[in-house]
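The sequence lines fix the lettering, A, B, ..., with proteins before strands; numbering per chain opens at 1.
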Number of protein chains: 2
Amino acid sequence: MGTKTKKEPEAAAATATGPGAATQLTPGARRILDAASTLFYERGITAVGVDLIAKEAGTTKKTLYDRFGGKDALITAYLHERDLRWRAWLTSWVDTHAAGGGQSGAGEPLLATFDALAEWMRQHNPRGCGFVNAAAELPDPAHPARRVITEQKRWLRGYLYELSVAAGAHDPDELADGLALLHEGAVVLRGLSVVDDPVGAARALAAQTLERALTPPCAAGPPVADTPPHGR
Amino acid sequence: MGTKTKKEPEAAAATATGPGAATQLTPGARRILDAASTLFYERGITAVGVDLIAKEAGTTKKTLYDRFGGKDALITAYLHERDLRWRAWLTSWVDTHAAGGGQSGAGEPLLATFDALAEWMRQHNPRGCGFVNAAAELPDPAHPARRVITEQKRWLRGYLYELSVAAGAHDPDELADGLALLHEGAVVLRGLSVVDDPVGAARALAAQTLERALTPPCAAGPPVADTPPHGR
DNA sequence: GGCCAGGTAAACCGATCGGTCTACCTGGCC
DNA sequence: GGCCAGGTAGACCGATCGGTTTACCTGGCC
């Protein structure tokens with residue numbers, strides 16, 4: 001094989017590396033990724049074939065394989081970009097909606113994350129969390145997209161932890177875990193018509209939790225044993 | 001198309017109707033359903049083909065189609081049986097572990113549901129909730145298995161509601177919603193290595209919530225506005 | 001003009017998909 | 001013995017899967 005310029009699909013850079021790498025894409029690649037994002041989320045990853053993606057994007061499989069290298073890389077790119085969008089959405093929402101004078105105190109940014117989630121889901125989330133769905137369809141732990149999925153969840157927990165510390169929680173780890181639980185639960189229960197307003201319920205429960213987590217531990221906390229019967 | 005005895009795959013009864021219908025199955029059908037359950041859960045529904053299921057069960061596709069009628073019905077039967085197992089597990093656990101003198105009061109049965117969940121997942125749940133995963137792979141709302149999925153979630157919420165009423169919660173609806181949220185969140189976050197002990201965290205948060213939900217509303221509740229900024 | 005990245009069009013590959021079919025064997029029941 | 005449900009074995013169907021290949025067109029840049 002000569003030293004020609006072929007080989008190594010360039011968009012592979014968008015799959016695993018730099019944050020802004022997903023921005024500059026060939027027009028064809030852009031349409032492919034957009035089409036793939038919609039189809040993967042709405043119909044499922046394994047249920048959507050590359051032929052359909054290419055057709056829907058108005059291109060051919062050739063372009064798809066030239067730009068992305070394969071379906072797995074395209075899946076990874078889809079999740080990566082979705083992750084970037086969600087992070088940007090959440091942080092900018094929190095920055096704008098909780099920066100001013102929140103009347104409910106230091107926990108305002110943490111509560112705002114639930115409002116951001118509600119609006120995000122209202123706009124583009126009728127089928128639950130794209131990452132949880134993807135994880136369901138990609139059992140292989142070695143699949144490159146798995147890293148993107150776990151990173152997304154880990155980032156949210158980390159973000160909630162930062163906000164918890166900033167809010168002055170006396171156990172930011174516990175608070176972040178609890179709020180992460182509520183986030184995931186709300187996303188899952190939405191779409192499955194079992195709870196009327198899952199995000200609202202999660203926010204209400206979060207407000208209760210916050211109230212307790214932000215008051216000094218000596219204030220009103222009864223000395224209940226918080227260790228479950230079977231320990232650990 | 002005479003009036004012969006062919007037609008109408010019998011196991012279709014196990015897909016949509018009666019609760020105990022899944023019990024009496026042909027030996028071959030039993031092996032097929034067992035194999036399908038394992039494969040569907042561990043590798044994903046769309047990723048597993050009927051050929052593999054038949055081979056793994058030591059039968060042929062002929063038997064599979066004779067007994068179940070098609071892949072969709074087999075999927076439905078898989079979810080239905082898993083649902084039955086989970087309900088039996090949860091209720092029997094709560095009955096045996098919370099019937100006696102729970103020292104933490106009337107909320108004991110509700111807390112016990114989290115212990116039941118923890119043990120259930122420890123035994124057979126490395127890949128998250130089979131129903132959530134299935135929902136991710138079956139976008140079509142008309143798919144027969146969707147009914148089983150939503151029924152499973154609805155049942156859990158209903159069960160939590162009953163226990164909440166029995167515990168004397170002054171807002172059993174709100175409590176059931178909150179606990180359902182924690183259940184789902186715990187199941188999702190397990191397997192995605194982001195929180196050390198999701199079920200434990202959920203249980204701890206549930207204990208806090210219970211404490212508040214079971215005390216009279218006039219006790220210590222500050223009159224904070226529980227309406228989010230943007231209402232609803 | 002030459003070069004080349006980017007793209008379109010379409011044939012092609014082996015494998016697998018869900019599903020059907022014929023043929024034959026077995027054991028129990030009437 | 002006849003009948004039949006249940007099962008095994010395996011060929012077969014059209015469609016689609018992920019992926020590769022050849023050929024040709026286009027516009028910009030040197």
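- At the phosphate of C:dG6, neither OP1 nor OP2 sits under 4.0 Å from any side-chain N or O atom of A:Thr63.
- The side chain of B:Arg30 places no N or O atom within less than 4.0 Å of a non-bridging phosphate oxygen (OP1 or OP2) of D:dG6.
- Rounded to whole angstrom, the span from the CG atom of A:Leu64 across to the P atom of C:dT8 amounts to 11 Å.
- With C:dC21, C:dT8, D:dT20 as the choices, the nucleotide that has an atom nearest any side-chain atom of A:Tyr65 turns out to be D:dT20.
- Taking the side chain of A:Lys71 as heavy atoms from C-beta on, and the options D:dG18, D:dA23, C:dG18, the nearest nucleotide is D:dG18.
- A straight line from CG of B:Leu138 to P of C:dG18 spans 13 Å, rounded to a whole angstrom.
- Across every strand in view, D:dG28 sits in a pair with C:dC3 that passes the Watson-Crick or G-U test at under 3.5 angstrom.
- Classified by interplanar angle (parallel below 30°, tilted 30° to 60°, perpendicular above 60°), the ring pair B:Trp89/B:His124 is perpendicular.
- Salt-bridge annotation for A:Arg157 and A:Glu174: absent, with no side-chain N of the basic residue lying under 4.0 Å from a carboxylate O of the acidic one.
- The separation between A:Asp66 atom CG and D:dG18 atom P is 17 Å, rounded to whole Å.
- Following rounding to the nearest Å, B:Arg43 (CZ) and C:dC17 (P) show an atom-to-atom distance of 11 Å.
- Not one side-chain nitrogen or oxygen of B:Thr60 sits closer than 4.0 Å to the OP1 or OP2 atom of D:dG10.
- Nucleotide D:dG14: paired with C:dC17 (Watson-Crick or G-U wobble, both distances less than 3.5 Å).
- Counting only heavy atoms from C-beta on, B:Asp51 has its side chain closest to C:dC17 among D:dG18, C:dC21, C:dC17.
- In this structure, CD1 of B:Ile32 is placed 15 Å from C1' of C:dG18, rounded to the nearest angstrom.
- Taking atom CD1 of B:Ile53 as the reference point, atom P of D:dT8 lies 15 Å away to the nearest angstrom.
- Taking all atoms of both residues into account, the shortest heavy-atom contact from A:Ala118 to A:Val199 is CB-CG1, 3.7 Å.
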Show the atom names and distances, to 0.1 Å, of all donor-acceptor pairs under 3.5 Å that link a side chain in residues 43-54 of chain B to residues at least two apart or in another chain.
residue	atom	partner	partner atom	Å
B:Thr46	OG1	A:Thr46	OG1	2.5
B:Thr46	OG1	B:Glu137	OE1	2.5
B:Asp51	OD2	B:Lys61	NZ	3.2

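- Protein atom NZ of B:Lys55 is 14 Å distant from nucleotide atom C1' of D:dG10, rounded to whole Å.
- Proximity note for A:Arg67 (side chain, C-beta onward) versus D:dA9, C:dG18, C:dG6: the nearest is C:dG6.
- When the P atom of C:dC24 is taken as reference, atom NZ of B:Lys62 falls 14 Å away, rounded to whole Å.
- Under the 30°/60° scheme for interplanar angles, the aromatic rings of B:Phe40 and B:Tyr78 are found to be tilted.
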